[in-house]
Each structure stands twice: as C-alpha cells, then as structure tokens.
Protein chains: 2
Amino acid sequence: MARSTILIADNSCMIRKGLRSILQNLENSEVIQLIDNKEDVCGIVHKRKPDILIINPDMLPGDCLDVKRELFNENKLSLILLSNRKNLKNDLKADGYINYMDGQNTILDMMQEILNKNNKSSFPNKNSETISSREKNILKHIALGLTNKEIADQLFISIHTVVTHRKNITQKLGIKSVSGLTVYAILHNLISMDEVK
Amino acid sequence: MARSTILIADNSCMIRKGLRSILQNLENSEVIQLIDNKEDVCGIVHKRKPDILIINPDMLPGDCLDVKRELFNENKLSLILLSNRKNLKNDLKADGYINYMDGQNTILDMMQEILNKNNKSSFPNKNSETISSREKNILKHIALGLTNKEIADQLFISIHTVVTHRKNITQKLGIKSVSGLTVYAILHNLISMDEVK
DNA sequence: CGGACAATACCTACTTATAGGTATATTATA
DNA sequence: TATAATATACCTATAAGTAGGTATTGTCCG
C-alpha cells in the first residue's frame, strides 16, 4: 500500500510544525508539504495532489472553485479542517476536524480513521515518478552533497555506476540541477535538512 | 559556552511541538522539556532550573510565589510569554513575547537576542555568516539551480564575477556542495522550495 | 583623507559532472 | 519460463565548477 500524502496549510508556523511532528507517528502516511500562504494553496494542491489536505478555514481560497470541486466532488482528497474554533463542525462540512487544543492521541486516532477509510477503496497508484529504491538511495547521497566519487566509495560500486544511476534519475524526474534534486529529496523525505552539509 | 536550557509550557500539543521544532534551529540552546499541565509548572521549573521559560500566561500559576520570585527577582531565568493574544505586551511584563502567528524568523531572532543577552559575559559575536546582499542574490540563483553561465547572463555580469562570488560564499559559509547551499538558502528564506527546478 | 570592503573582471590548472553510447549479470514478474 | 526492469560497468567528448591567483573601480565610514 502506497503511503498517503498529507498537506498542511495554516497561518501559524508553530501549528504547522507541531502538527507535522505529531503526524510523524502515523505509519502509512507522510507530510509532504507545509503551506503558509493562502495564495499558494490552490497551486500546491494541484501540483502535489495530496491524499489528505489539513487546512485552516482561514486559508481556504473561497474563490477557487477548482480546489473545491476536487475536494468535494471528485472525492479524491480528504479534507480536514484545522482551527481554534470550537463550533466548526456545525459551520463547515469536512472529513475530519482538528482543534488547536486537541491532544496528540485525539489527532492520531482521527487521522488513522481517515487513512483506513481511504485505503479501503484501494486505488492502484498514480505516482508516475517511480524511481527504484536503489536510485532513491543514490539520490539521497546526491542531495546530501556527496560527489559521484564519494558515493561510489561509500556504496562500494564504481563511479560509472553512480553516473549511470544519476543519468536515470535526472531523466525520470526531469530534474537536472543538484538543487532541484535536493529539494525533491527533502520533499519526499529521503533526507532531512539537518543532514546536509 | 554551555547550552542554554529551555522549558516550554502551553496547553496545546501542536504549539509545544511546533515551537520545539522551530527552536531546534538555535545553536546554543536545547529544549529540555514540554509541559502541558498547569500544576506541573512550579515543580518542573524548580527541578530543571532552565535558563529560559516559554510559557502561555494561561499556564502561569498565579498562586505560586516561588516561580514568580525566581522569575522577577533573582533574574536567573528569562521569561517569554507565548500566546495568541495580541495585546499581551501591555498586560504582562516579560523578556520576550511569542505570538501563535509569529513566523519562524521572528521567533528565532527574538530568541537569539535573549540568548545573546544571557551570554553577554563570554564571547563577543560569532555570526561570521555575513554574506553581502550581492552574495545573497548569487546564492539564491545557485540554489535555484542555475549554472554560473546562466546567472551571469541573468545579472548582466561576467561568468568570472559569478565564480568569484561563489568562491567567497562557499568560503564564508563553509558550505561546498550545491545541496548544502540550497538548504542554506531555504532555511534563510532566500528561496522557497516551490521555485526550484 | 585613507583604509576596508564590495563588486567587478580575468587567468591557469585541475576536478567533477553531463550526454551520448554499449554491455552483462541478476531479479522480478507476467 | 521468457521478458522487463534493475544494478552494474566502461567509454569518449564536452560542459561546468573549483582552487589558486591578481587587479581595478567605487563607496562607506572612522
């Protein structure tokens, strides 16, 4: 089963990071991006196509019909509302609700329920970006800032092999620059920013 | 220089974890405990003796004179108030204030100031990370994935100049790899992840 | 005024990376 | 079991980046 992808959109940096930290306890999911700007929501949702969108109603682009259609009609995406308002359930319909004051267990239970529901339908897959696990590993080393030579030494393979892998990666992903690959690796949780130097 | 210790007390799990995540970017400090229960504050502060207490006023034990004495008289401990109220500064005196909506940089700047004040005794400064605004701009382009040639064309300068800037940047920051520079640029808000390709 | 710094430019020698190939053994999997 | 995909290896040429310099303008500030 592919991991469910989650987007978090909230004005507060602390809330975003805190929620991500809590959600790291979930097995079958990964938070792929945090959004802090109302204007970015539409574009990023379209680009990343998450399975779950956790969003503060304040960030909901009221005028963006595209996202709403995707949210409510196509039913591809689970919508979870994140807010400090108590009576949100009565005002807005969504698949789930998280309050700023909710404890970790409350949040995790609710999320697990959503994940179970989503995976029941068992859609095949859609991620065309299928790089092999070996390639993922190489990519990780690239994003960490190692040279081809260093990667080769570390993995006990020849530099030619590294080069070949690298060629395949850049071709598959359509990303040529090291910075692009680095961002890709971060976004896909291959590395964390702390590790890089 | 010993690392400064920080305690965080707030009702919201998300806020606690989010703030801790943000503060991990600080060099000379570490968050030693998160407190979610008003009753525990006094005891934990006494036991752990942190250098900095970040606390939601709702958690402040109004009846606990010990903590207050330590806070305001002995002046050993820096008090930072954490809240979603805007007008907090007028109501309560503290060494610093964090609003739920504050961005990461705002928070880190404020905290760094507190840390510097506390550590005034020792070292003068250490932020050798002073790259010029021009260098910042070059760095931005590097992190965006442009080649030296492309940067030169875009800024109407010769490729030699770009190379020289690049040399200075890598020397000043001590970061050699493009991926490292990319992460640096993201972390310092020179670019956002979306822009990279 | 004079020194420090920033921005610019150029040079050589050297290292790394990219783009185009070909090729073979192993491993899934239809 | 065939076939596709993966991991491995090597090649040539060319492009790009790094490391070590030097040098000329400005501008800001003590």
Side-chain angles (χ1 to χ4, degrees), chain A residues 1-2 122-186 188 190-191 196-197, chain B residues 124-186 188 190-191 196-197:
Chain A
M1 174 55 62
S122 183
F123 49 99
N125 72 349
K126 56 180 169 150
N127 273 339
S128 61
E129 291 178 349
T130 43
I131 63 174
S132 73
S133 64
R134 185 61 165 182
E135 286 164 345
K136 264 190 200 141
N137 193 19
I138 302 280
L139 173 53
K140 186 174 144 181
H141 285 76
I142 295 171
L144 252 24
L146 304 185
T147 66
N148 290 342
K149 177 78 171 48
E150 289 168 336
I151 298 172
D153 289 347
Q154 205 156 315
L155 299 182
F156 304 106
I157 57 180
S158 99
I159 190 171
H160 306 290
T161 308
V162 178
V163 169
T164 304
H165 281 309
R166 196 159 178 162
K167 261 187 297 189
N168 294 333
I169 293 167
T170 55
Q171 198 174 5
K172 281 184 181 175
L173 299 183
I175 302 172
K176 285 187 313 180
S177 68
V178 178
S179 41
L181 294 172
T182 306
V183 171
Y184 179 95
I186 293 170
H188 289 72
L190 265 33
I191 58 164
V196 187
K197 261 291 117 123
Chain B
N125 72 341
K126 76 164 217 73
N127 267 340
S128 60
E129 288 180 351
T130 43
I131 62 173
S132 72
S133 63
R134 185 61 165 182
E135 286 164 346
K136 263 187 201 145
N137 193 20
I138 302 280
L139 174 52
K140 186 174 146 181
H141 285 76
I142 295 172
L144 252 24
L146 303 184
T147 66
N148 289 343
K149 178 79 172 47
E150 289 168 334
I151 298 172
D153 288 347
Q154 205 156 317
L155 298 182
F156 304 107
I157 57 179
S158 100
I159 191 172
H160 306 291
T161 307
V162 178
V163 168
T164 304
H165 281 309
R166 196 158 178 162
K167 260 187 298 189
N168 294 333
I169 293 168
T170 53
Q171 198 173 5
K172 281 184 182 176
L173 299 184
I175 301 172
K176 284 188 313 180
S177 69
V178 178
S179 43
L181 294 173
T182 305
V183 171
Y184 180 94
I186 292 170
H188 289 71
L190 264 33
I191 58 164
V196 188
K197 260 296 116 123

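Note on naming: letters A, B, ... go to the chains in the order of the sequence lines (proteins, then strands), and numbering restarts at 1 for each one. Model, not experiment: these values are computed from the prediction.
Following rounding to the nearest Å, B/L146 (CG) and D/dA15 (C1') show an atom-to-atom distance of 16 Å. The CD1 atom of A/I138 sits 14 Å away from the P atom of D/dT6 (whole-angstrom rounding). Counting to the nearest Å, the P atom of C/dT8 and the CD atom of B/E135 are 10 Å from each other. The interatomic distance linking B/R166 (CZ) with C/dT16 (C1') rounds to 12 Å, in whole Å. Rounded to a whole Å, the CD1 atom of B/I169 is 13 Å from the P atom of D/dG17. Straight-line distance from the CG atom of A/N137 to the C1' atom of D/dT6: 14 Å, rounded to whole Å. In this structure, B/H165 atom NE2 and D/dG17 atom C1' are separated by 16 Å, rounded to whole Å. Rounded to whole Å, atom C1' of D/dA5 lies 14 Å from atom CD of A/Q171.
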Discussion item. Assess the residue pair A/L173 and A/L139 against the criterion (side chain to side chain contact (heavy atoms under 4.5 Å, CB included)); give the C-alpha distance rounded to whole Å, side-chain angles, the decisive distance to 0.1 Å, and a yes or no.
Written reply: CA-CA 11 Å; A/L173 299 183; A/L139 173 53; 4.1 Å; yes
Discussion item. Could you go through A/H165 and A/I151, starting from their C-alpha distance and side-chain angles, then the distance that decides it, and tell me whether this counts as side chain to side chain contact (heavy atoms under 4.5 Å, CB included)?
Written reply: CA-CA 11 Å; A/H165 281 309; A/I151 298 172; over 6 Å; no
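Remark: of the listed residues A/L181, A/L190, A/T182, A/L181 is the sole one forming a side-chain contact (heavy atoms from CB on, under 4.5 Å) with A/I142.
When all heavy atoms are compared, the tightest approach of B/A152 to B/S158 is CB-C, 3.8 Å. Pairing each heavy atom of B/V178 with each of A/S179, the nearest pair is CG1-N, 3.9 Å.
Among residues at least two apart or in separate chains, salt bridge (Lys or Arg N to Asp or Glu O under 4.0 Å) pairs with a member in residues 131-145 of chain A are A/E135-A/K172.
Each of D/dA9, C/dA7, C/dA17 was ranked by its minimum atom distance to the side chain of A/T161; first place goes to D/dA9. When distances run from any side-chain atom of B/R134 to the nucleotides C/dA7, D/dA7, D/dG17, the shortest one goes to C/dA7.
Within the 4.5 Å cutoff, side-chain heavy atoms of A/I191 are placed close to those of A/I186. Between A/I138 and A/L155 there is a side-chain heavy-atom pair separated by less than 4.5 Å.
Note on the helix from C/dC1-D/dG30 to C/dA30-D/dT1: terminal axis deviation equals 60°, with five pairs used at each end and the result rounded to 10°.
For B/K149, the side-chain contact (heavy atoms from CB on, under 4.5 Å) criterion is met by B/T147, B/D153, B/I159, not counting sequence neighbours. With sequence neighbours excluded, the residues satisfying side-chain contact (heavy atoms from CB on, under 4.5 Å) with B/T164 are B/N168.
Atom CD of B/E150 is surrounded by more than 12 heavy atoms from other residues, nucleotides or ligands within 6.0 Å.
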Using a cutoff of under 3.5 Å, can you pull out all pairs of nitrogen or oxygen atoms linking the protein to nucleotides 21-30 of chain D, with atom names and distances?
from: D/dG21; atom 1: O6; to: B/K167; atom 2: NZ; distance (Å): 3.4

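The stretch residues 147-160 of chain A touches DNA chain D through A/I157, A/S158, A/H160, each having a heavy atom within less than 4.0 Å of the strand.
Contact between the side-chain N/O atoms of A/S132 and the OP1/OP2 oxygens of D/dA7 is found at a separation under 4.0 Å.
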